[in-house]
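Values in this document were obtained by computation on a predicted structure and should not be read as measured data. Hydrogens, waters and symmetry mates are skipped; everything else that's a heavy atom, side chains included, is used.
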Amino acid sequence: MMMNLSDLKTGQIAIVDRIISSDDTRRIVQRLEEKGVVSNKPVQVLRQAKFSNLLHIRVGSSKEITIQPQEAEMIIVKIDISAKDTVPGSKTELTKQVKTASLISLTTLILVFIAGFYRIPIARDIYQENKAKVVANVVYNSSSTETKSQLLETIDKSQVQPTMVGSIETVNKTSEFSEKAAKKNNQNTNNHVRTTTNSPPQNIEPIAKKITNKTELLELKQKLYNTIDRAWKTPLNITSIYLVKVDKNGAIATYEPFNQIAADHLEKTPIPSLVNSDAATKKESLKTEWAEFTILFYDNGTLEVQPHSIINN
């Protein structure tokens, strides 16, 4: 089924068939092709700009652009009416994706637990073997070469002349001294190993986890976009960019202007009013899980929210 891109509903997906071209529109066609709008490329209508008629669309799997309404009328697309051509904006599709991601996460946790369970006995055996080697080396190195030679010579004499009481006493004293030295070194080694391996860490706070799961980031992105879009009332005359950190519930905890232009126009955005003013609450909200997003307020009234890593790439 063929139609103009401008006739698609929000969230609908189609395939570019061609772009209507003429001598007057050749430059427009070239500009669209440079943006990635070419034949057999999937496109999706995302939304219409808040303060203008610009159309916000996604080209391919990730690239998002804005086009004029007359440009959308030049793009002929084809759709398959039997296919599911909506984004996971519907509850059914989104729920399916969340269930799939949850199942994958659960399977991963089970595999990690099983691997950890079998790794514990192996690690314990390796630790005991290494501990025995350390003790043996310490005992061996604690006796000098001269002492070993004297001990062997004394033992040899005691075997040749068993009636010599002095030699026997010397052997006994030397053996007793060596045994005591070995026990002492063994005890020191055990204490050292026990101290270095079993000492619990002191005053270490749990490290906050950055959210990287794509499904969670998609949900937080949509929630953040809806929150800012509802609160944005004043248009900006220049594009301004801000970096924000949100907690696992999508609430803005901190923000930072990308440059001086953004800092000068901060009061025209709803970001300051959406941040919790309680410093303690903000700190606590980022202790468990957090995500970072880039907010773009375009001068044409378009709002864009993207994970910070995507903007950097």
Side-chain angles (χ1 to χ4, degrees), residues 1-90 92-94 97 214 217-218 221-222 224-226 228-230 232-242 258 261 265 268-269 293-307 310-313:
M1 180 179 178
M2 298 290 184
M3 63 171 59
N4 293 334
L5 179 62
S6 58
D7 296 329
L8 292 181
K9 299 177 181 178
T10 301
Q12 200 167 10
I13 299 175
I15 303 297
V16 176
D17 183 71
R18 65 186 184 279
I19 303 176
I20 300 175
S21 177
S22 64
D23 293 337
D24 298 332
T25 61
R26 188 170 300 170
R27 294 185 63 183
I28 298 177
V29 173
Q30 183 179 359
R31 187 168 63 252
L32 289 173
E33 290 177 347
E34 290 175 354
K35 291 182 177 181
V37 183
V38 294
S39 298
N40 297 322
K41 201 71 173 285
V43 291
Q44 178 186 21
V45 177
L46 299 178
R47 56 189 170 271
Q48 190 171 2
K50 190 178 183 70
F51 300 105
S52 65
N53 294 325
L54 289 177
L55 198 62
H56 201 151
I57 66 173
R58 178 181 288 122
V59 181
S61 60
S62 60
K63 188 174 182 180
E64 297 184 9
I65 64 173
T66 55
I67 60 176
Q68 299 287 342
Q70 58 269 28
E71 294 175 341
E73 293 178 357
M74 295 170 53
I75 302 172
I76 305 299
V77 297
K78 53 187 176 182
I79 62 173
D80 183 4
I81 58 176
S82 62
K84 294 181 179 179
D85 52 1
T86 56
V87 288
S90 63
T92 304
E93 189 68 19
L94 186 58
Q97 287 192 5
K214 291 184 178 180
L217 287 175
L218 181 63
K221 171 186 171 182
Q222 190 61 45
L224 182 60
Y225 176 88
N226 293 338
I228 297 176
D229 187 57
R230 284 194 299 267
W232 188 19
K233 304 299 181 184
T234 306
L236 277 69
N237 56 6
I238 189 170
T239 299
S240 301
I241 306 173
Y242 303 90
F258 184 73
I261 295 176
H265 292 79
K268 293 184 179 181
T269 72
F293 290 90
T294 301
I295 312 298
L296 298 96
F297 295 93
Y298 289 100
D299 55 355
N300 58 19
T302 302
L303 172 66
E304 185 175 347
V305 178
Q306 290 292 348
I310 294 179
I311 300 296
N312 287 340
N313 292 335

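Put simply, CD1 on I65 and CZ on R58 are 11.5 Å apart, with the number rounded to the nearest 0.5 Å. Interatomic distance, M74 CE to I28 CD1, rounded to the nearest 0.5 Å: 5.0 Å. One distance of note links CD1 of I19 with CD1 of I75; it measures 5.5 Å at 0.5 Å rounding.
Put simply, the side chain of Q68 reaches to within 4.5 Å of the side chain of L54, judged on heavy atoms. For the pair N237/H265, a side-chain contact is recorded, criterion being any heavy-atom separation below 4.5 Å from C-beta on. The side-chain heavy atoms of K41 and V77, taken from C-beta on, include no pair separated by under 4.5 Å. Using a 4.5 Å cut-off on side-chain heavy atoms (C-beta onward), I67 and V37 make no contact. Between V38 and V16, the closest side-chain pair of non-hydrogen atoms is not below 4.5 Å. Side-chain contact between N4 and I76: present, with at least one pair of heavy atoms (C-beta onward) separated by less than 4.5 Å.
Across all non-hydrogen atoms, the minimal contact from S6 to E73 is OG-CG, 3.5 Å. The minimum heavy-atom distance linking V59 with G36 is given by the pair CG1-O, 3.2 Å. Nearest heavy atom pair, residue L303 against residue R47, reads O-NH2, 3.1 Å. Among all heavy-atom pairs drawn from Y298 and E304, the shortest one is OH-OE1, 2.7 Å. Contact record, I79 with M3: CD1-CE, 3.9 Å, taken as the closest heavy-atom pair. Pairing each heavy atom of K233 with each of R230, the nearest pair is NZ-O, 3.2 Å.
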Verdict with supporting geometry, T302 and N300, side chain to side chain donor-acceptor pair (under 3.5 Å): CA-CA 6 Å; T302 302; N300 58 19; 2.9 Å; yes
Show the numbers, then the answer: is there a side chain to side chain contact (heavy atoms under 4.5 Å, CB included) between Q306 and L217? CA-CA 9 Å; Q306 290 292 348; L217 287 175; over 6 Å; no
Side chain to side chain contact (heavy atoms under 4.5 Å, CB included) between F297 and T239, worked out: CA-CA 6 Å; F297 295 93; T239 299; over 6 Å; no
Check the pair V29, L32 against side chain to side chain contact (heavy atoms under 4.5 Å, CB included), reporting the backbone distance first and the verdict last. CA-CA 5 Å; V29 173; L32 289 173; 5.6 Å; no
Step-by-step side chain to side chain contact (heavy atoms under 4.5 Å, CB included) determination, I295 to T269: CA-CA 10 Å; I295 312 298; T269 72; over 6 Å; no
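Remark: side-chain polar atoms of T10 are not paired, donor with acceptor, to backbone N or O of L46 under 3.5 angstrom. No donor-acceptor distance shorter than 3.5 angstrom exists from the side chain of K35 to the backbone of K63, with no hydrogens or angles considered.
Heavy-atom neighbours of Y225 OH from other residues, nucleotides or ligands within 6.0 Å: above the threshold of 12.
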